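This one's a predicted model, so the numbers in the text were calculated from it and none came from an experiment. Letters A, B, ... are given to chains in the order of the sequence lines, protein chains preceding strands, and every chain is numbered from 1.
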Amino acid sequence: MPPWISINEARNASPGTEATLKGWVRTRRDSKAGLSFIALHDGSCFDTFQVVAPSALANYEEEIQKLTTGCAIEVDGTIVESQGKGQAVEMQASAVRVIGWVDNPDTYPVSQKRHTFEYLREVAHLRSRTNTFGAVARVRHCLAMATHRFYHERGFHWIHTPIVTASDCEGAGQMFRVSTLDAVNPPRTPEGGADFTEDFFGKEAHLTVSGQLNVETYCLALTKVYTFGPTFRAENSNTSRHLAEFWMIEPEIAFADLNDNAALAEDFIKYLLKAVLDERGDDMAFFNERIEPGLLEALAHVVESPFERIDYTEAVSLLEKSGKKFEFPVKWGLDLQSEHERWLTEEKIKRPVIVMNYPKDIKAFYMRMNDDEKTVAAMDVLAPRIGEIIGGSQREERLDMLDNRIKEMGLPAENYWWYRDLRRYGTAPHAGFGLGFERFIQFATGMGNIRDVIPFPRTPKNAEF
RNA sequence: UCCCCGAUAGCUCAAUGGUAGAGCGAGCGGCUGUUAACCGCUAGGUUGUAGGUUCGAGUCCUACUCGGGGAGCCA
C-alpha cells in the first residue's frame, strides 16, 4: 500500500506521486465512459479531492457504484493532472476499499443537500462532516493555537485556574452546583437545609464562572499571565450569543493600567484575525462567500485601522446627539443597551470600539475607582454584529478602596480574605480582561449563532450530545 | 425569564374549516471526463404533544414541549 497522505497534501502533490487517501465520500458521479468520480474529504482542508475510479476495478459494480454520501473509504492510486475542469490534480485509483457503509442512505441525516443550521444542531454528531462545521472546527483550532502563540511570544504564562471552585467570591452570575450529596435526600442541617459540610469539598462548590480572581494571584507573582479554559454560567439566557458552557481567555498583567489593558486587547484581536486570514484562507473564503458577504474586507479593515477608544461619558453624549430614536433611554449612569452598542460599532464608528471608564454603580466591586470617584477603570470592547466581545478593567489594588467597595455593595468581606491578602502583601497595579472565545469565532467567521461555533453547545434545556 | 413568530414526507416549504402536495434528498433506469450535473419513473405522512369547538380540524381555541428572532443577564 502506498504511503497514506492527507487530502491537503494530495492537493499539493506533484503528478506521478503514488499514495493512499482515506476519508469520507461527499458525492459520487458515474460516467458511462466507464468511470466514477468520487469527491473525498478528510477534514485536512476545506476542499474535497476528486478520485477517478475506472470500471476496470474488481469491485466497481458491486461496491464503487453503490457508494453514497458519508461512506468511509481508502483509495490507492496515482496523483495525475486532471482532464476535467475544477481541479488541477486528481487521483487515478488503482484500488478502492470500502471501510464503512452508510446503511440507509435515505435517512442519512446529512445528505448532499442544503440543511439549515437549526436542523444540523439536532444531528450534532454528524454535522462535523459538512462544509460549514469542518471550516468552523479548523478556524477554531487555528484561533486557539494563535492565542497561545500570542501570549507565549510576549512572555505570558498560561495558568490553569480551577474549574471547580468552592470560593463564594466570583459573583458573576448564576453558578452550577457541584455536589456528591444525594440530591433526593441530602444530609440536613438543624435548620433543615442541605448540609454541605457533608459534601465532597466540605462546603458548597460550583463550576467556575471566571478564572480572573484566581489568576490575579499568579499575576502578582509572574507579572504576565493568562487563562484559557471553559467557564460555566447557569443563566437562563436564550440568545444567539450566550452559552451555558463556553471558553474564555483572560490575560492579566501587573504594573499595568487601563490603557495598557486596552492596547493588549487591540493587539490580541488583530493578531488573531491576521492568523486566521493567513492560515485558513480556504475556510475564510467560504465564510466570505456563503455565510457573510463582505467578511474578508471587513476583517482586513479591522486589522488595518486603530480601534476607536472613547470614554463612557463620551459614548453617552454621542448617542444623545445621534438624533436616533432608541427603544431604551440613553442617560449617564445607565448601562448601554444592545441597540446603543450596535449603533456605536455598526453605524457611527463602523469597527470595534473600546468604551472605557464606566459609572461605578453598574460595574463589579473589583474594578479600580477613578479619581472622580464616580467612574471605574472598566472597558468593554464592542464589535460590529456581536456586541460585547471583551470585558475588562484595571483592578482595585488599594485595600482601603477595595474594602469600601465590598462594603458599599453589601458583599461579605470574609469571603474575600485571600483576594484582600493580595492587597496587603506587596500590592501592585494590575489589569486584565476576558475575551469570549466563541464570540470571537462568530466575529471572525460571520456565523450568526454561537451554538454553531462550538462542537457541542450547552444551553438551557439542551445537553443532548 | 419577557415579547413576537413557528412546528406538515429524510430536509425546506405549500395546502378557503371539506380526498395532504411540490422542490431537494433517496432508490431504480437513461445520458454524460463528471463536478450545485441533466432527463424519466418510484417509494416516502398517526400534520410536535394533550385536550377542546365542529357534521367534519393540518387549518379555529386552550395548555404544554421544542425551535427561531428580539430583549434582559454577560463573554
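- Judged by distance alone with a 3.5 Å cut-off, no donor-acceptor contact links the side chain of A/N104 to the base of B/G10.
- A stacking contact between A/Y108 and B/A26 is absent: the pair does not combine a ring-centre distance of less than 5.5 Å to the base's six-membered ring with planes differing by less than 30°.
- Between the P atoms of B/A15 and B/G48, the separation comes to 15 Å (whole Å).
- Closest approach to the A/L35 side chain among B/G27, B/G33, B/C11 is made by B/G33 (side chain taken as heavy atoms from C-beta onward).
- Put simply, the side chain of A/E90 and the base of B/G33 share a donor and an acceptor less than 3.5 Å apart.
- Among the atoms of the strands shown, only primed sugar atoms or phosphate atoms (P, OP1, OP2) are found under 4.0 Å from some heavy atom of A/A33.
- In the model, A/E250 has a side-chain atom that pairs as donor or acceptor with a side-chain atom of A/T227 under 3.5 Å.
- Residue contacts for A/G84: at a heavy-atom cut-off of 4.0 Å it reaches a base atom on one of the strands shown.
- The P atoms of B/A75 and B/C3 are separated by 27 Å, rounded to the nearest whole Å.
- If you check every strand for non-hydrogen atoms under 4.0 Å, A/S36 touches nothing.
- Within the 4.0 angstrom heavy-atom criterion, only backbone atoms of the sugar-phosphate kind lie near A/E118; the bases stay farther away.
- Between the side chain of A/E235 and the base of B/U1, no donor-acceptor pair under 3.5 Å is found.
- Counting any heavy atom pair closer than 4.0 Å across all strands shown, A/F328 reaches sugar-phosphate atoms only and no base atom.
- Looking at A/E308 and A/R351, a side-chain N of the basic residue comes within less than 4.0 Å of a carboxylate O on the acidic one, giving a salt bridge.
- At a threshold of 4.0 Å, the pair A/D257-A/R368 does not count as salt-bridged, since none of the basic side-chain nitrogens sits closer than that to a carboxylate oxygen.
- Nucleotide B/G33 holds its P atom 16 Å from the CZ atom of A/R28, rounded to whole Å.
- Remark: P of B/C11 and CG of A/L126 are 14 Å apart, rounded to the nearest angstrom.
- Going from the P atom of B/C24 to that of B/U62 covers 38 Å, rounded to whole Å.
- Residue A/S44 comes nearest to A/I7 through the heavy atom pair OG-N, 3.4 Å, listed as atom of the first residue, atom of the second, then distance.
- Note on A/R290: nothing from the nucleic acid sits closer than 4.0 angstrom, heavy atoms only.
- OP1 or OP2 of B/G33 lies within a sub-4.0 Å distance of a side-chain N or O belonging to A/S31.
- Minimum atom distance to the side chain of A/R121 is reached by B/G67, of the listed B/G67, B/G33, B/G72.
- Looking at heavy-atom distances under 4.0 Å, A/L243 makes contact with a base.
- Listed candidates were B/G33, B/A75, B/C74. Nearest to the side chain of A/Q50 is B/G33.
- Distance check on atom P: B/U59 versus B/U49 gives 11 Å, rounded to whole Å.
- Comparing the P positions of B/C38 and B/G44 gives a spacing of 25 Å, expressed to the nearest Å.
- Within the 4.0 angstrom heavy-atom criterion, only backbone atoms of the sugar-phosphate kind lie near A/Q337; the bases stay farther away.
- Nucleotides B/U16 and B/G25 have their P atoms positioned 28 Å apart, rounded to a whole Å.
- Checking B/G72, B/G33, B/U12 against the side-chain heavy atoms of A/S338 singles out B/G72 as nearest.
- A/F287 does not carry A/R290 over the face of its six-membered ring by the limits of under 6.0 Å from the centre and within 45° of the normal.
- Judged by distance alone, with hydrogens and angles left aside, the side-chain atoms of A/N261 form a donor-acceptor pair with the main-chain N or O of A/G432 at under 3.5 Å.
- Closest to the A/N236 side chain, of the nucleotides B/A71, B/C11, B/U1, is B/U1.
- If you check every strand for non-hydrogen atoms under 4.0 Å, A/F37 touches a base.
- Candidate nucleotides B/A71, B/G25, B/G33 were compared by shortest atom distance to the side chain of A/D106, and B/G25 ranks first.
- With B/U12, B/A26, B/G33 as the candidates, the nucleotide lying closest to the side chain of A/K113 is B/U12.
- Of the candidate nucleotides B/G68, B/G72, B/U34, B/G68 has the atom lying nearest to any side-chain atom of A/N449.
- Note on A/E464: nothing from the nucleic acid sits closer than 4.0 angstrom, heavy atoms only.
- Salt-bridge check for A/R140 with A/E438: passed, with a basic side-chain N closer than 4.0 Å to an acidic carboxylate O.
- Closest contact between the side chain of A/R439 and the listed nucleotides B/C31, B/C74, B/U34 involves B/C74.
- Contact check, A/R29 against B/C38: no side-chain N or O comes under 4.0 Å of OP1 or OP2.
- A donor and an acceptor atom never sit less than 3.5 Å apart when one is taken from the side chain of A/D30 and the other from the base of B/U34.
- In this structure, of B/A71, B/U12, B/G67, it is B/U12 that holds the atom nearest to the side chain of A/T116.
- Across all strands shown, A/T48 has no heavy atoms under 4.0 Å from either base or sugar-phosphate atoms.
- Taking atom C1' in both B/C55 and B/C66, the straight-line distance is 34 Å, to the nearest Å.
- Spacing between B/U42 and B/U34 at atom C1', rounded to whole Å, works out to 25 Å.
- Phosphate proximity of B/G68 to A/N238: absent, as no side-chain N or O sits under 4.0 Å from OP1 or OP2.
- Nucleic acid contact class of A/S237 (heavy atoms, under 4.0 Å, all strands): base.
- A side-chain hydrogen bond (donor to acceptor under 3.5 Å, both in side chains) check over residues 456-465 of chain A, counting only residues at least two apart or in different chains, returns nothing.
- Within 4.0 Å of A/Q87, counting heavy atoms only, lies at least one base atom of the nucleic acid.
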